[in-house]
Amino acid sequence: MHKIIFFGTSNFAVPSLQSLASDERFEIAGIVTQPDRPVGRHAVLTPPAVKIAAPKGTLVFQPEKLKDESFKAWVTEFGPTCDAFVIVSYGKILPQWLLDLPKKGIVNVHGSLLPRWRGASPIQAAIAAGDTATGVTVMLIDAEMDHGPILAQAEEPIMSDDTGGELHDRLAKLGGELLPGVLADYLDGRIEPKEQKHEDATYCKILTRDDGKLDPNDTAENLEQLVFAYDPWPGTWIEKNGKRLKILEAMEGDPDKTRNPGDFFVRNGLPCLACAAGTVLVIKRLQPEGKKPMSGQEYLRGKNSWI
RNA sequence: CGCGGGAUAGAGCAGUUGGCAGCUCGCCAGGCCCAUAACCUGGAGGUCGCCGGUUCGAGUCCGGCUCCCGCAA
């Protein structure tokens with residue numbers, strides 16, 4: 001039986017945690033996750049997904065900082081007795097002193113086919129870039145971000161209508177299926193870690209809501225991909241008359257060379273935004289500030305001021 | 001008590017200095033047409049979120065409450 005400590009926070013980590021917890025080859029000595037955070041309009045303190053999914057009876061730590069005394073004391077005592085730490089979507093960089101604790105290193109599940117899309121938003125990046133396939137990578141962590149040697153990968157096709165949320169859920173599940181076998185094989189010495197092809201690496205950054213602003217100087221094709229990629233996080237929007245308009249669904253329409261990027265117009269009863277080089281983004285579903293989501297037709301019915 | 005928008009017909013919205021509750025779409029019936037998501041005629045559908053107050057009279061003004069949503073975190 002292999003003893004491990006699990007570091008994870010968001011939904012993406014839940015299938016991995018569950019598959020390890022229900023696998024008799026592993027003993028989870030403890031779960032480390034982020035502290036409860038204020039969430040929503042009234043800032044209700046909410047526990048992270050991993051804490052909710054934690055098996056009863058398992059030790060759960062929620063250190064604000066990894067060097068918090070009680071946590072550091074525990075991890076420095078029990079860490080060296082572990083075969084490995086598993087980290088999935090934890091949300092903090094682990095310092096070197098922590099990486100050195102377990103006998104056989106830190107195993108990570110990452111939502112892309114490394115070395116493509118190192119960084120914090122690999123799923124959105126893959127869709128936004130128009131990739132036709134992505135996947136999950138089980139790898140060993142080293143000091144650099146998503147840079148360590150690879151233990152195993154699994155590929156997942158990207159459908160043309162995949163949203164970030166849908167692809168996220170499939171990759172999370174895929175990671176959960178892949179992880180236990182790979183981890184056991186690695187700890188038993190049946191897998192040799194393989195160095196990444198560092199020269200092929202691409203990177204993506206942490207996304208904020210501001211990254212969801214649609215720039216009409218981009219092509220409609222790219223903006224359509226962004227709308228899919230950033231659904232449901234961080235969402236896409238345009239600014240109109242000083243107000244934010246969330247764009248929930250949009251598609252590229254037939255081009256119109258007579259328009260300038262940023263022009264608003266109506267075609268076939270749907271609101272449209274002119275983009276770069278005469279391309280046209282048709283807005284099928286949107287949400288104004290303070291309003292419920294509605295179709296493009298419904299939005300235009302009450303507003304004759306779209307243009 | 002973080003900041004802000006909102007609740008009016010099935011949907012989206014308008015409603016002026018308080019004075020008969022409206023628009024676009026949908027729905028029902030009929031008409032026109034080779035035909036249509038087109039067009040014409042007619043029709044149904046409302047406790048104006050809830051409670052109280054002011055007034056001859058409140059969707060509208062005042063007070064309280066409930067619910068929905070955008071931002072921020």
Side-chain angles (χ1 to χ4, degrees), chain A residues 7-14 32-53 60-66 68 89-93 119-121 123-124 128 163-165 168 204-216 223-224 226-256 262-274 280-307:
Chain A
F7 291 71
T9 299
S10 75
N11 284 322
F12 188 78
V14 169
V32 186
T33 190
Q34 299 263 350
D36 295 4
R37 300 291 189 197
V39 158
R41 225 180 319 277
H42 301 292
V44 180
L45 208 57
T46 305
V50 160
K51 184 184 183 185
I52 295 170
V60 175
F61 293 87
Q62 297 181 274
E64 188 64 53
K65 297 186 173 181
L66 291 169
D68 283 355
S89 174
Y90 174 58
K92 276 192 199 307
I93 307 277
S121 57
I123 300 168
Q124 289 96 331
T163 64
H168 168 281
C204 52
K205 57 175 184 172
I206 284 191
L207 295 174
T208 71
R209 284 200 140 99
D210 287 343
D211 292 313
K213 180 165 186 173
L214 298 179
D215 179 2
L223 295 181
E224 177 190 324
L226 264 195
V227 173
F228 279 112
Y230 288 2
D231 174 12
W233 175 259
T236 46
W237 51 278
I238 57 176
E239 205 164 272
K240 191 163 183 305
N241 303 328
K243 300 241 177 184
R244 243 176 225 219
L245 222 48
K246 282 190 176 180
I247 306 301
L248 302 177
E249 289 176 35
M251 59 174 291
E252 184 180 13
D254 293 332
D256 184 342
D263 286 353
F264 296 102
F265 62 101
V266 176
R267 178 198 284 167
N268 297 332
L270 284 170
C272 297
L273 174 65
V280 171
L281 190 69
V282 182
I283 296 165
K284 294 161 66 180
R285 194 163 181 78
L286 51 74
Q287 180 175 16
E289 282 183 26
K291 293 294 186 180
K292 295 182 179 181
M294 64 186 79
S295 69
Q297 290 99 326
E298 287 170 329
Y299 179 78
L300 289 179
R301 228 161 263 148
K303 295 236 184 286
N304 35 21
S305 59
W306 169 253
I307 298 169

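The chains referred to below are lettered A, B, ... by the order of the sequence lines, with proteins before strands, and numbering in each begins at 1.
- Per the geometry, NZ belonging to Lys213(A) stands 19 Å off P belonging to G70(B), to the nearest Å.
- A donor-acceptor contact under 3.5 Å links the side chain of Arg41(A) to the base of G70(B).
- Between Gln287(A) and G70(B) there is a side-chain N or O to OP1 or OP2 distance below 4.0 Å.
- As the counterpart of G70(B), C3(B) is assigned, both hydrogen-bonding distances of the Watson-Crick or G-U wobble pattern falling under 3.5 Å.
- Pairing for G26(B) is absent, with no Watson-Crick or G-U wobble pair whose two atom distances lie under 3.5 Å.
- Annotation: the span from Leu248(A) atom CG to Lys284(A) atom NZ amounts to 12.0 Å, rounded to 0.5 Å.
- Looking at the side chain of Met294(A), the nearest of the listed nucleotides A72(B), C13(B), G70(B) is C13(B).
- The backbone N or O of Lys205(A) lies less than 3.5 Å from a partner atom in the side chain of Ser121(A), making a donor-acceptor pair.
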With side chain to side chain contact (heavy atoms under 4.5 Å, CB included) as the criterion, how do Lys92(A) and Thr9(A) come out once you've worked through the C-alpha distance, each side chain's angles and the decisive distance to 0.1 Å? CA-CA 10 Å; Lys92(A) 276 192 199 307; Thr9(A) 299; over 6 Å; no
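- Distance, Leu286(A) CG to C69(B) C1': 14 Å, rounded to whole Å.
- In this structure, U55(B) forms no base pair with any nucleotide, since neither Watson-Crick nor G-U wobble geometry is met with both distances under 3.5 Å.
- In this structure, Gln297(A) and Lys243(A) both approach RNA chain B, and ranking their closest nucleotides by distance from the 5' end singles out Lys243(A).
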So Leu286(A) and Ile238(A), side chain to side chain contact (heavy atoms under 4.5 Å, CB included) or not? Walk me through it. CA-CA 10 Å; Leu286(A) 51 74; Ile238(A) 57 176; over 6 Å; no
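- Lys292(A) places its NZ atom 9 Å from the P atom of C68(B), with the value rounded to the nearest Å.
- Distance Trp237(A) CH2 to A72(B) P: 9 Å, rounded to the nearest Å.
- Here CZ of Phe12(A) is found 5.0 Å from CD1 of Ile123(A). Values are rounded to the nearest 0.5 Å.
- At a threshold of 4.0 angstrom between heavy atoms, the contacts of Lys246(A) are confined to the sugar-phosphate backbone, with no base atom among them.
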Heteroatom pairs (N/O) under 3.5 angstrom, protein to nucleotides 37-39 of chain B:
none

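- As rounded to the nearest Å, A72(B) and C67(B) have P atoms that lie 24 Å from one another.
- Summarising the geometry, the separation between CD on Glu239(A) and C1' on C71(B) is reported as 12 Å, rounded to the nearest angstrom.
- At whole-Å resolution of the value, CG in Leu245(A) and C1' in C71(B) are 14 Å apart.
- Electrostatic pairing of Arg267(A) and Asp254(A) does not count as a salt bridge here, judged by no charged N lying under 4.0 Å from a carboxylate O.
- For the P atom pair drawn from A37(B) and G30(B), the interatomic distance equals 16 Å after rounding to whole Å.
- Taking the C1' atoms as reference points, G15(B) lies 24 Å from C51(B), given to the whole Å.
- Of the candidates G12(B), G70(B), C71(B), the closest approach to any side-chain atom of Arg301(A) belongs to G12(B).
- In this structure, Glu289(A) atom CD and A7(B) atom C1' are separated by 18 Å, rounded to whole Å.
- C39(B): Watson-Crick or G-U partner is G31(B), with both key distances under 3.5 Å.
- Distance NZ (Lys291(A)) to P (G5(B)): 12 Å, rounded to an integer number of Å.
- Toward the 5′ end of RNA chain B lies the nearest nucleotide of Glu298(A), the other residue of the pair Glu298(A) and Asp210(A) mapping further downstream.
- A side-chain donor-acceptor contact under 3.5 Å links Glu289(A) to the backbone of Arg244(A).
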